[in-house]
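Take a look at the structure set out below.
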Amino acid sequence: QVQLMESGGGVVQAGGSLRLSCAASGTIRSVTEMGWYRQAPGKQRELVAAITSGSVTRYTDSVKGRFTISRDGANNTVSLQMNSLKSEDTAVYYCKADVIRADVVGLIAHWGRGTQVSVSS
């Protein structure tokens, strides 16, 4: 099994900041990419930011310049620093990890349970 533990969600006023963290654990050989997705009510789930094992990053256009994703060293942990938050950032944020497992052949995507981020106007 692979588990993703998410933390850092909460309620913040517009213009404020939050920091999300996600730690992957379990039968992991390596993680090729980790990232954060979000889904607001009535909307499709979308990529927010992702980072590869080589620290190559990608972001959705709406968060560029405001959000920063980074790897935090050991234990396959990734953080998303969210600054200048807007009401439209309100969503459930899900951590995703693309994992090469120690016990099976192939690349498998794993998802966290999600953490709520609410930004008030």
Side-chain angles (χ1 to χ4, degrees):
Q1 282 193 351
V2 172
Q3 299 85 36
L4 302 182
M5 292 181 287
E6 304 158 320
S7 63
V11 180
V12 67
Q13 292 185 346
S17 298
L18 286 173
R19 185 177 179 89
L20 305 182
S21 293
C22 179
S25 62
T27 54
I28 297 171
R29 186 181 301 277
S30 63
V31 176
T32 61
E33 184 176 85
M34 292 184 69
W36 288 92
Y37 291 68
R38 67 187 179 188
Q39 187 167 23
K43 288 197 164 189
Q44 299 273 21
R45 186 175 299 188
E46 65 170 347
L47 171 73
V48 179
I51 184 167
T52 70
S53 59
S55 297
V56 177
T57 60
R58 54 192 175 111
Y59 300 88
T60 191
D61 286 344
S62 63
V63 309
K64 289 179 179 177
R66 299 188 296 121
F67 292 8
T68 303
I69 192 167
S70 61
R71 301 184 75 91
D72 295 335
N75 304 119
N76 294 310
T77 300
V78 68
S79 294
L80 183 68
Q81 180 66 45
M82 305 186 294
N83 297 327
S84 301
L85 283 161
K86 305 173 181 179
S87 60
E88 52 261 44
D89 295 318
T90 295
V92 178
Y93 284 67
Y94 298 89
C95 180
K96 181 193 176 188
D98 293 332
V99 176
I100 299 173
R101 287 172 50 171
D103 56 340
V104 297
V105 175
L107 184 67
I108 301 172
H110 294 272
W111 292 86
R113 292 186 178 273
T115 184
Q116 178 71 48
V117 171
S118 297
V119 184
S120 61
S121 301

Just to verify, what does Lys64 make a salt bridge (charged side-chain N to carboxylate O under 4.0 Å, His left out) with, not counting sequence neighbours? Asp61
Show your reasoning for whether side-chain contact (heavy atoms from CB on, under 4.5 Å) applies to Arg71 and Val31. CA-CA 11 Å; Arg71 301 184 75 91; Val31 176; 4.2 Å; yes
Would Ser25 and Met5 count as a side-chain contact (heavy atoms from CB on, under 4.5 Å) if you check the C-alpha gap in whole Å, the side-chain angles of each, and the deciding distance to 0.1 Å? CA-CA 8 Å; Ser25 62; Met5 292 181 287; 4.2 Å; yes
Stepwise, does the side-chain contact (heavy atoms from CB on, under 4.5 Å) test hold for Thr32 with Leu107? CA-CA 9 Å; Thr32 61; Leu107 184 67; 3.6 Å; yes
Among residues at least two apart in sequence or on other chains, which ones pass salt bridge (charged side-chain N to carboxylate O under 4.0 Å, His left out) with Arg66? Asp89
Quick one: salt bridge (Lys or Arg N to Asp or Glu O under 4.0 Å) pairs with a partner in residues 112-121, sequence neighbours left out? none
Do Val2 and Ile108 come within less than 4.5 Å of each other through their side chains, counting heavy atoms only? no
Residues in salt bridge (charged side-chain N to carboxylate O under 4.0 Å, His left out) with Asp98, at least two apart? Lys96
Closest non-hydrogen atom pair between Val119 and Thr90, with its separation: N-OG1, 2.9 Å
What are the two closest non-hydrogen atoms of Tyr93 and Glu6, and how far apart are they? O-OE2, 4.0 Å
Who pairs with Glu33 by salt bridge (charged side-chain N to carboxylate O under 4.0 Å, His left out), at least two apart in sequence or on another chain? Arg58
With sequence neighbours left out, what residues match Tyr94 under ring pair (Phe, Tyr, Trp, His ring centres under 6.0 Å)? none
If the condition is side-chain hydrogen bond (donor to acceptor under 3.5 Å, both in side chains), which residues does Ser62 pass it with, not counting sequence neighbours? Arg38
With sequence neighbours left out, what residues match Ser118 under side-chain hydrogen bond (donor to acceptor under 3.5 Å, both in side chains)? Gln116
According to ring-ring contact (aromatic ring centres under 6.0 Å, His included), does anything in residues 52-71 pair up with another residue at least two apart or in another chain? List the pairs. none
Can you tell me which residue pairs pass the salt bridge (Lys or Arg N to Asp or Glu O under 4.0 Å) test with a partner in residues 8-23, sequence neighbours excluded? Arg19-Asp72
For Ser17, enumerate each residue passing the side-chain hydrogen bond (donor to acceptor under 3.5 Å, both in side chains) test, keeping only those at least two apart in sequence or located in another chain. Asn83
Contacts of Gln44 that satisfy side-chain hydrogen bond (donor to acceptor under 3.5 Å, both in side chains) - sequence neighbours left out: none
